[in-house]
**Q** 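Right, I'll just put the structure down here and ask away after.
To find a chain, count down the sequence lines: A is the first, B the second, and so on, and within it residues start at 1.
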There are 4 protein chains.
Amino acid sequence: MANSKKQTVKQQKIIQTAIELFAEKGYANTSTAEIAKQAEVAEGTIFKHYGTKDRLLLSIIVPYLKEIFPSMADEVIGEIMGRNIATFDEFLEGFFTNRIQFFNENKEIFQVLVKEFIYNQELRNELFPYFSENVLLRFGKIFDHFQERGELENIPRERVMKMLFTFIGGFFVSRFVILTDYTITEEEIDDAVRFVMNGLRG
Amino acid sequence: MANSKKQTVKQQKIIQTAIELFAEKGYANTSTAEIAKQAEVAEGTIFKHYGTKDRLLLSIIVPYLKEIFPSMADEVIGEIMGRNIATFDEFLEGFFTNRIQFFNENKEIFQVLVKEFIYNQELRNELFPYFSENVLLRFGKIFDHFQERGELENIPRERVMKMLFTFIGGFFVSRFVILTDYTITEEEIDDAVRFVMNGLRG
Amino acid sequence: MANSKKQTVKQQKIIQTAIELFAEKGYANTSTAEIAKQAEVAEGTIFKHYGTKDRLLLSIIVPYLKEIFPSMADEVIGEIMGRNIATFDEFLEGFFTNRIQFFNENKEIFQVLVKEFIYNQELRNELFPYFSENVLLRFGKIFDHFQERGELENIPRERVMKMLFTFIGGFFVSRFVILTDYTITEEEIDDAVRFVMNGLRG
Amino acid sequence: MANSKKQTVKQQKIIQTAIELFAEKGYANTSTAEIAKQAEVAEGTIFKHYGTKDRLLLSIIVPYLKEIFPSMADEVIGEIMGRNIATFDEFLEGFFTNRIQFFNENKEIFQVLVKEFIYNQELRNELFPYFSENVLLRFGKIFDHFQERGELENIPRERVMKMLFTFIGGFFVSRFVILTDYTITEEEIDDAVRFVMNGLRG
DNA sequence: AATGAATGAGACTTCATTCAT
DNA sequence: TATGAATGAAGTCTCATTCAT
């Protein structure tokens, strides 16, 4: 996951354990004592490195959002969109497949992010800029790209993108946060792409 | 809201205040002391009536789910479906309109429900039976009804209903829990219905 | 000591114990756990009543300064100055005698006040207004009073009052805070009065 | 200041920083972490050199009292008293002028000394011997000297010296520890000398 | 000589809950 | 029914100190 900068072994264990526990029980219901115990570390060590419990949470969420998410997104966009992707259908399928794989590999950290995003209004306000800047903006560009190619014409972009995000958000949150043991099949990806494409085309 | 059964004035204030605070900051981040103070009630009074903080939460959620939600749902189904609704389009529009109005009137309690449902695994496990029994089952019946009438034919019910719920869930959670100041226009309801209908018809 | 308002027995014990320990070891070197133990009270009880350790300190100091000190001072001034006191000598002797008795009865709280006043810059800044308003101002009036009567004439009031306060401050701090077991004799009061009077008359 | 003996640069920075912080906030309210950070030194380095925080404090105070203070005092006494000083007035003026300059140059270390002396009973007990040995004893000799010369006759030495120290203590503590930004004028030195001389002659 | 990661005891504080009134 | 003083377990955080490098 590359949390950058020389992390000690203990730090890695702290972060890893915190992710697991925050994902399972939520930030507010996880005590630093519990993290320390499970990470086999003194409680003081947590605070030496992260200062406050709050900053520990941000140490998990911010790199995930700030470094990893956009870079992966660019990868998705650049690599996939640049070359062989001709239609929005194909793009969507690539997007779902790619993101599903990514979230499967980082299920817990995604759960932390979503749970706290929904639970904690302050955090939500802090994260919103990242969100709109990275996600909304990029998606907008992709939309433009395909519209220039002649696809998705005559569609009120803003209104339709809302529907798209509503579905995508519901999809990932329900599958990865609520139904934690759910397995997404290829068939379901097809269903989702078709549902969205038909919805958009109107 | 009819929380019925000889509630004292103090009890009503406690419940009302608890809903407000739980909605705003979440159950885990709200102390009974804070509720007591804002409800202008002694802390002991809360525990005289509800025993534990946990039971106070359930005193809010359970009636909402158990009594009010299903009864309203039946109303939706019975009243609306029984008579003049001919098409699934019409049903959907009625459903959205009706639920939007309902959640607008009970925004905070809906926020409490969703937040805790997502945050608290134990609560989720407890509530799931209600959910599938009332929501999924009823919707299934409605689906059957319209299929019998010749609509939505040749559609794999289970798979398509998943997509439907994904969108509906995303719609209400994003509009009422995440974007707390959002206002839904009639135009947007139309967009949503069209998006869903097209998606389903595929 | 009349800390006004219905105090519970536990509150009184907390305050009393806190005064003793703060006087002995200083605020910063006294833990709330220690206070709780010696006051035979749960640690939580301290925080129920005073919120923070800091407010506990202020609950000791402020009433002492705000209510008791000025009222006693007025007593000194009014009672003593109004009637039978003809000379500044007599006033000073009355003042020393009265204050020595007072501080003997409240030795520990005086120690707390002085120690924290000297140790803690922030507290000093907060208390300075009270100090100058009550002590300096009143003393100024007394000075004026005696100057109008023809005593202490031709003396630059401000400069000489500085010397007076320097001595008085040194006197009470050294005798009540530093040399905690010291006993002040009547002879020493005479010495002090004479020292000051000669000093002032120049 | 000549803290002599092969001190490394880091040691000097530690001592200097500790003096600054102890003076400002007091020993008890200053953490070794804070000292280390401000001195741009690792926390371990402090403990390599001084073993405990307590010994760091003593490393500041003891040399100041043990080596510098007396030697300077001797200088005052020998140099000044030996030669051209004829009267106690002159001596006092020399003393005030000399000490004011000295404390101005070492304001912070003097603040540390006074604050901890007043705050910390144990330290006070440890330092008392030095104090009476060096300060009281020397002053006694000076007193004798002037009495032999015919000045300050018929004065009960012990009782009057108490008054003298009371004033001097009050003077330096108030000007250098409490009113940290205060500037002492020559005029005020004159006032002080006159006040004391008149007081003593009584 | 110097570092800084790690510690664990203990500090202040919060909180759900109890109970006498 | 209602109060609010009291509790003590548990929470977050601080700190002097140790030790391997």
Side-chain angles (χ1 to χ4, degrees), chain A residues 6-11 13-14 28-36 39-56, chain B residues 6-11 14 28-37 39-56, chain C residues 6-11 13-14 28-36 39-56, chain D residues 6-11 14 28-37 39-56:
Chain A
K6 318 133 203 163
Q7 275 193 136
T8 64
V9 179
K10 303 248 172 188
Q11 272 188 77
K13 287 198 74 174
I14 290 167
N29 296 320
T30 305
S31 74
T32 51
E34 204 176 353
I35 297 168
E40 291 171 303
V41 147
E43 211 173 343
T45 306
I46 295 175
F47 290 94
K48 255 276 127 120
H49 288 299
Y50 303 99
T52 64
K53 190 188 171 192
D54 210 75
R55 287 230 298 276
L56 172 60
Chain B
K6 322 137 203 159
Q7 273 193 136
T8 64
V9 178
K10 304 249 171 188
Q11 275 189 76
I14 290 168
N29 296 320
T30 304
S31 71
T32 51
E34 205 177 350
I35 296 168
K37 192 181 172 187
E40 293 172 302
V41 148
E43 226 175 327
T45 307
I46 295 174
F47 289 91
K48 262 271 138 40
H49 288 299
Y50 303 99
T52 66
K53 190 188 170 192
D54 210 76
R55 289 227 299 276
L56 173 60
Chain C
K6 318 135 202 159
Q7 276 191 133
T8 64
V9 178
K10 304 248 172 188
Q11 271 189 77
K13 287 199 75 174
I14 291 167
N29 296 319
T30 304
S31 74
T32 51
E34 203 177 352
I35 295 168
E40 291 173 300
V41 148
E43 212 174 340
T45 307
I46 296 175
F47 290 93
K48 254 279 128 119
H49 288 299
Y50 303 100
T52 65
K53 191 189 170 191
D54 210 76
R55 287 229 299 276
L56 172 60
Chain D
K6 322 136 203 162
Q7 274 195 137
T8 65
V9 178
K10 303 249 172 187
Q11 274 188 74
I14 291 168
N29 295 321
T30 305
S31 73
T32 52
E34 205 177 351
I35 296 168
K37 193 182 173 187
E40 291 173 302
V41 148
E43 225 174 328
T45 307
I46 295 175
F47 288 91
K48 262 269 137 39
H49 288 300
Y50 303 99
T52 65
K53 190 189 171 191
D54 209 76
R55 289 228 299 275
L56 173 59

**Q** Any idea which heavy atoms bring B:Ala42 and B:Ala36 closest together, and the distance?
**A** C-CB, 4.1 Å
**Q** Within the pair A:Thr32 and F:dG11, is there a side-chain N or O less than 4.0 Å away from OP1 or OP2?
**A** no
**Q** Specify the closest pair of heavy atoms between B:Glu40 and B:Lys10, including all atoms of both residues, with the distance to one decimal.
**A** O-NZ, 4.1 Å
**Q** Toward the 5' end of DNA chain F, which comes first, B:His49 or D:Thr30, by nearest nucleotide?
**A** B:His49
**Q** Could you tell me which nucleotide pairs with E:dC19 by Watson-Crick or G-U wobble geometry, both distances under 3.5 Å, or answer none if nothing does?
**A** F:dG4
**Q** Within the 4.0 Å heavy-atom criterion, would you say A:Lys53 contacts the bases, only the backbone, or no part of the nucleic acid?
**A** sugar-phosphate
**Q** On DNA chain E, check which nucleotide each of A:Val41 and C:Phe47 is closest to and give me the residue with the more 5' one.
**A** A:Val41
**Q** Take atom CD1 of B:Ile35 and atom C1' of E:dA16, then tell me their distance rounded to the nearest Å.
**A** 11 Å
**Q** Take atom CG of D:Asp54 and atom P of F:dC15, then tell me their distance rounded to the nearest Å.
**A** 17 Å
**Q** In the structure shown, which nucleotide is the Watson-Crick or G-U wobble counterpart of E:dA1, with both distances under 3.5 Å?
**A** none
**Q** Base, sugar-phosphate alone, or nothing: which one does A:Ser31 contact when heavy atoms must sit under 4.0 Å apart?
**A** sugar-phosphate
**Q** Please report the distance, rounded to the nearest Å, between CZ in C:Arg55 and P in E:dT14.
**A** 9 Å
**Q** Rounded to whole angstrom units, what separation is found between the NZ atom of D:Lys37 and the P atom of E:dA5?
**A** 14 Å
**Q** Just how far, in rounded Å, is C1' of E:dC12 from CD of C:Glu43?
**A** 7 Å
**Q** From the options F:dT12, F:dA2, F:dA5, select the nucleotide whose nearest atom is closest to the side chain of C:Thr8.
**A** F:dA5
**Q** Under 4.0 Å, heavy atoms only, any strand: does A:Gln11 hit a base, just the sugar-phosphate, or nothing?
**A** nothing
**Q** On DNA chain F, compare the nucleotides closest to A:Thr45 and B:Thr45; which residue's is nearer the 5' end?
**A** B:Thr45
**Q** What closest approach, in Å, do B:Thr30 and B:Glu34 show between heavy atoms, and which atom pair accounts for it?
**A** CA-OE1, 4.0 Å
**Q** Find the distance C:Lys48:NZ to E:dT17:P and express it as a whole number of Å.
**A** 13 Å
**Q** What is the distance from CD1 of A:Ile46 to P of F:dT12, rounded to the nearest Å?
**A** 9 Å
**Q** If you look at every heavy atom in C:Tyr50 and C:Ile14, which pair is closest and at what distance?
**A** CE1-CG2, 3.9 Å
**Q** Provide, to the nearest angstrom, the distance between the NZ atom belonging to A:Lys10 and the C1' atom belonging to F:dC19.
**A** 13 Å
**Q** Can you give me the closest heavy-atom contact between B:Thr32 and B:Lys53, atom names plus distance?
**A** CG2-CG, 3.8 Å
